[in-house]
Amino acid sequence: MYTSEKAPAKINLTLDVLYKRPDQYHEVEMVMTTVDLADRIELFLLESGQIKVESDSRFIPNDERNLAYRAAKLLKERFLIKKGVIIKIDKQIPVAAGLAGGSSDAAATLRGLNRLWNLNLTMDELAVIGSEIGSDVSFCVYNSTAIAKGRGEKITELPPPPQCWVVLAKPSQGVSTQSVYQSLRLDQLDHPDTGGMIMAIKNADYQGICTRLKNVLETVTLPKNPEVQQIKSQMLRSGADAVLMSGSGPTVYGLVKHESRAIRIYNSLRGFCEDVHIVRMLGAQQTLD
Ligand SMILES: C[C@@](CO)(OP(=O)(O)O)[C@H](O)COP(=O)(O)OP(=O)(O)OC[C@H]1O[C@@H](n2ccc(N)nc2=O)[C@H](O)[C@@H]1O
Ligand SMILES: Nc1ncnc2c1ncn2[C@@H]1O[C@H](COP(=O)(O)OP(=O)(O)O)[C@@H](O)[C@H]1O
């Protein structure tokens with residue numbers, strides 16, 4: 001028995017942090033969507049009951065630390081499943097980049113095992129389970145466009161944003177999500193216009209989306225990582241309609257309407273950044289290829 005899932009990357013269109021919670025997480029308000037840069041997850045039923053992870057990437061663990069492994073283990077224990085699974089990960093999303101690659105792999109594993117192990121769980125039930133793996137996993141289960149609140153597990157879906165091209169550039173220096181949140185100066189934040197962003201998306205207002213991109217975590221990552229600001233400036237110089245760092249970073253993305261402009265930005269980044277991708281904004285549930 002076999003099944004497969006795509007695990008797309010996410011980008012934050014807005015990311016706001018409201019306050020630090022008693023559980024030491026932060027209350028967030030984020031508008032996120034997906035792009036067509038995706039890992040591919042293949043799931044093979046194992047009668048032996050074992051969970052195995054195989055990946056072509058040397059940047060992620062292939063044991064119980066892998067978020068896809070943790071998703072399988074959680075489902076197996078929660079629903080007393082005797083069978084096992086081999087999880088093959090074709091890694092395309094840059095790791096520790098602010099693109100939720102690990103979270104998306106975990107979410108794709110939940111969706112795939114729901115079929116492979118005949119669990120018949122709803123997306124809402126899978127999203128609740130996903131929130132036990134990480135704050136971004138619930139959003140990744142729905143795999144669409146949404147407002148995320150709470151730690152990131154309270155999801156309200158939105159219509160997809162208008163079609164456009166996205167140039168993603170990931171600087172070489174990694175970033176620790178935990179340290180970014182912990183270094184945030186909550187009393188000095190200039191908050192995003194989250195409501196305005198939601199209206200712009202609902203009205204398919206591309207310009208309105210561009211003018212409202214804002215991520216408060218930039219206040220931490222940009223001073224520590226000058227490459228991020230350099231890439232933002234270079235993208236704007238080369239014609240991006242808007243630029244922003246995604247999540248806790250360091251990936252920067254630029255939005256443009258036409259592929260020719262995306263190619264010009266891509267070429268202008270040679271020498272600035274090695275890990276650059278031209279992708280489409282997705283924003284809606286993906287059918288399997
Ligand atoms: C920053 C964001 C924005 O979309 O994405 P990435 O940059 O990771 O893609 C997310 O909030 C990251 O979600 P995720 O990467 O799943 O975080 P988790 O593993 O749950 O938490 C990692 C650490 O980040 C901090 N954390 C995370 C979420 C949150 N709402 N408040 C926090 O303070 C905590 O210190 C936690 O120990
Ligand atoms: N399947 C996976 N894909 C990517 N990273 C993973 C995976 N499983 C565990 N990890 C670990 O999670 C961290 C990066 O998570 P990722 O979701 O790629 O970054 P971000 O949270 O910045 O978007 C790294 O420490 C990586 O080793």
Side-chain angles (χ1 to χ4, degrees), residues 5 7-35 37-42 53-73 87-110 127 130-141 146-155 168 170-171 173-184 186 192 215-218 220-221 225 228 244-253 275:
E5 276 282 338
K10 63 87 181 157
I11 56 172
N12 298 74
L13 299 176
T14 61
L15 193 162
D16 199 7
V17 177
L18 307 182
Y19 53 84
K20 188 159 189 172
R21 300 159 31 131
D23 65 4
Q24 300 310 299
Y25 279 79
H26 290 77
E27 189 72 19
V28 295
E29 204 167 80
M30 316 188 280
V31 177
M32 295 191 276
T33 190
T34 55
V35 293
L37 172 66
D39 292 347
R40 184 174 185 80
I41 304 290
E42 293 186 295
V53 174
E54 296 171 10
S55 161
D56 54 352
S57 165
R58 57 194 166 86
F59 298 110
I60 62 173
N62 276 353
D63 55 21
E64 67 283 351
R65 290 169 298 164
N66 192 293
L67 292 171
Y69 182 104
R70 286 170 51 191
K73 186 165 183 282
I87 305 168
K88 288 190 178 177
I89 303 173
D90 170 12
K91 199 77 201 164
Q92 298 297 322
I93 302 172
V95 175
L99 300 173
S103 305
S104 199
D105 290 354
T109 300
L110 292 175
S131 69
E132 298 174 39
I133 301 165
S135 305
D136 263 355
V137 178
S138 299
F139 167 79
C140 294
V141 165
I147 315 151
K149 296 183 178 179
R151 280 190 298 120
E153 82 286 1
K154 293 178 183 146
I155 302 297
L168 296 169
K170 182 204 174 273
Q173 190 184 342
V175 165
S176 150
T177 301
Q178 184 167 43
S179 65
V180 171
Y181 271 110
Q182 285 176 349
S183 312
L184 203 50
L186 291 167
N215 174 354
V216 299
L217 298 185
E218 286 190 339
V220 176
T221 305
N225 200 329
V228 177
L244 192 72
M245 181 182 82
S246 182
S248 52
T251 298
V252 172
Y253 68 86
D275 198 352

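No hydrogens, no waters, no symmetry mates; every other heavy atom, side chains included, goes into these values. Counting starts at 1 for both ligands and their atoms, in listed order.
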Inset, instruction - May I ask which of Ser135, Gly152, Ser176 has a heavy atom nearer to atom 14 (P) of ligand 1 than the others do? - result: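 It is Ser135 that holds the nearest heavy atom.
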
For [X] and [Y], indicate whether the former's side chain and the latter's backbone hold a donor-acceptor pair under 3.5 Å.
X	Y	result
Ser246	Leu99	no
Asp16	Val216	no
Ser131	Ser138	no
Lys73	Ala68	no
Asn215	Thr14	no
Asn66	Pro61	yes
Asp105	Ala7	no
Tyr253	Asn12	yes
Ser183	Ser179	yes
Glu27	Gly150	yes

At less than 4.0 angstrom from any non-hydrogen atom of [X], what atoms of ligand 1 do you find?
X	result
Val28	30 (N)
Asn12	3 (C), 4 (O)
Met30	3 (C), 4 (O)
Gly134	16 (O), 20 (O)
Gly247	3 (C), 7 (O)
Leu15	3 (C)

Interfacing atoms of ligand 2 (cut-off 4.0 Å, heavy-atom, [X]):
X	result
Ser103	17 (O)
Gly98	20 (P), 22 (O), 23 (O)
Asp105	1 (N), 2 (C), 3 (N)
Arg65	9 (C)
Gly102	2 (C), 3 (N), 4 (C), 5 (N), 7 (C), 16 (P), 17 (O), 18 (O)

What protein heavy atom sits nearest [atom], and how far away is it?
atom	result
atom 37 (O) of ligand 1	Gln178 NE2, 3.5 Å
atom 2 (C) of ligand 1	Asp136 OD2, 3.7 Å
atom 21 (O) of ligand 2	Thr177 OG1, 4.2 Å
atom 21 (O) of ligand 1	Tyr25 CE2, 4.0 Å
atom 8 (O) of ligand 1	Thr177 OG1, 3.4 Å
atom 31 (N) of ligand 1	His26 N, 2.9 Å
atom 10 (N) of ligand 2	Pro61 CD, 4.1 Å
atom 6 (C) of ligand 2	Ile60 CG2, 3.9 Å
atom 18 (O) of ligand 2	Ala96 N, 3.1 Å
atom 11 (O) of ligand 1	Tyr181 OH, 2.7 Å
atom 23 (O) of ligand 2	Ala100 N, 2.5 Å

Legend entry - Whether Lys10 lies under 4.0 Å from ligand 1, heavy atom: yes

Counting only nitrogen or oxygen atoms and a 3.5 angstrom limit, does [X] reach ligand 2?
X	result
Asn66	yes
Leu99	yes
Lys91	yes
Ala68	no
Leu67	yes
Pro94	no

Pairwise side-chain contact, [X] with [Y], heavy-atom cut-off 4.5 Å (strictly under):
X	Y	value
Val137	Leu110	yes
Phe59	Lys91	no
Leu37	Gln92	yes
Ile155	Val141	no
Thr33	Ile11	yes

Measuring from [X]:[atom1] to [Y]:[atom2], what's the distance to the nearest 0.5 Å?
X	Y	atom1	atom2	value
Ile87	Ile41	CD1	CD1	7.5 Å
Cys140	Lys10	SG	NZ	8.0 Å
Lys88	Ser55	NZ	OG	11.5 Å

Legend entry - For ligand 1, the portion of Val137 having any non-hydrogen atom under 4.0 Å away: neither

Considering only protein heavy atoms, determine whether one is less than 4.0 Å from [atom].
atom	answer
atom 25 (O) of ligand 2	no
atom 19 (O) of ligand 1	no
atom 4 (C) of ligand 2	yes

Inset, instruction - Could you check Lys170, Met245, Glu218 and say which one makes a side-chain contact (heavy atoms from CB on, under 4.5 Å) with Val228? - result: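 When side-chain contact (heavy atoms from CB on, under 4.5 Å) is applied between Val228 and each of Lys170, Met245, Glu218, only Met245 qualifies.
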
Legend entry - N or O contact, Arg151 vs ligand 1, cut-off under 3.5 Å: yes

Inset, instruction - Evaluate whether atom NZ of Lys149 has more than 12 neighbouring non-hydrogen atoms of other residues, nucleotides or ligands under 6.0 angstrom away. - result: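 Check fails, neighbour count at 12 or below.
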
